[in-house]
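Beneath this line is the structure, given in structure tokens, with notes to follow.
These numbers come from a predicted model, not from an experiment.
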Amino acid sequence: MSDTVTVIDTHCHIHDDTFYAKENLTLETMVADAQEAGVEKMICVGTDVLSSEKAIQAAVEYDCLYASIALHPHEAADMSEEDI
């Protein structure tokens, strides 16, 4: 067994600027802060069409980010059949 540990955030919303825009942060600074804290990989979880698209774009931009597209049940009531 290896003596090293890989830290992976399996559920984050780092791609969604509504969580950090008020603090004048950017995706770049958030990724850098997470990596400095020892987080090597992060799975960006979408909750609707727009946030899923943002998660995909973030994953394209950063090798340490992965996207999980999803439709949260709370958001489903406001979605069209086309969105789903």
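Heavy atoms only, all atoms of each residue included: H13 and T47 are closest at CE1-CG2, 3.8 Å. Between L27 and L65, the shortest heavy-atom contact is CD1-CD1, 4.3 Å. Across A55 and C44, no two heavy atoms sit closer than the pair CB-O, 3.6 Å. The two residues E40 and T6 make their nearest non-hydrogen contact at OE1-CG2, 3.7 Å. Scanning all heavy atoms of the two residues, the minimum distance from A70 to G46 falls at CB-O, 3.2 Å.
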Inset, instruction - Let me see the working for I14 and V31 under side-chain contact (heavy atoms from CB on, under 4.5 Å), right down to the final yes or no. - result: CA-CA 8 Å; I14 196 171; V31 169; 4.1 Å; yes
Inset, instruction - Report the C-alpha separation of V45 and C12 in whole Å, then their side-chain angles, then the decisive distance to 0.1 Å, and conclude whether the side-chain contact (heavy atoms from CB on, under 4.5 Å) test is met. - result: CA-CA 6 Å; V45 178; C12 72; over 6 Å; no
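Taking the six-membered ring where the residue is Trp, H72 and H74 present tilted rings, their angle falling between 30° and 60°.
Between the T29 side chain and the L25 main chain, no donor and acceptor come within less than 3.5 Å of each other.
Separating the OG1 atom in T26 from the CG atom in D17 is a distance of 10.5 Å, to the nearest 0.5 Å. Here E28 contributes atom CD and Y62 contributes atom OH; the two are 4.5 Å apart, rounded to the nearest 0.5 Å. Of the inter-residue distances, the one linking M42 atom CE with M30 atom CE reads 9.0 Å to the nearest 0.5 angstrom. From S52, atom OG reaches atom NE2 of H15 across 7.0 Å, with rounding to the nearest 0.5 Å.
More than 12 heavy atoms of other residues, nucleotides or ligands shown are found within 6.0 angstrom of CD1 on I56.
Looking only at atom types and distance, the side chain of Q57 has a donor-acceptor partner in the side chain of E61 under 3.5 Å away.
Looking at D63 and K41, no side-chain N of the basic residue comes within less than 4.0 Å of a carboxylate O on the acidic one, giving no salt bridge.
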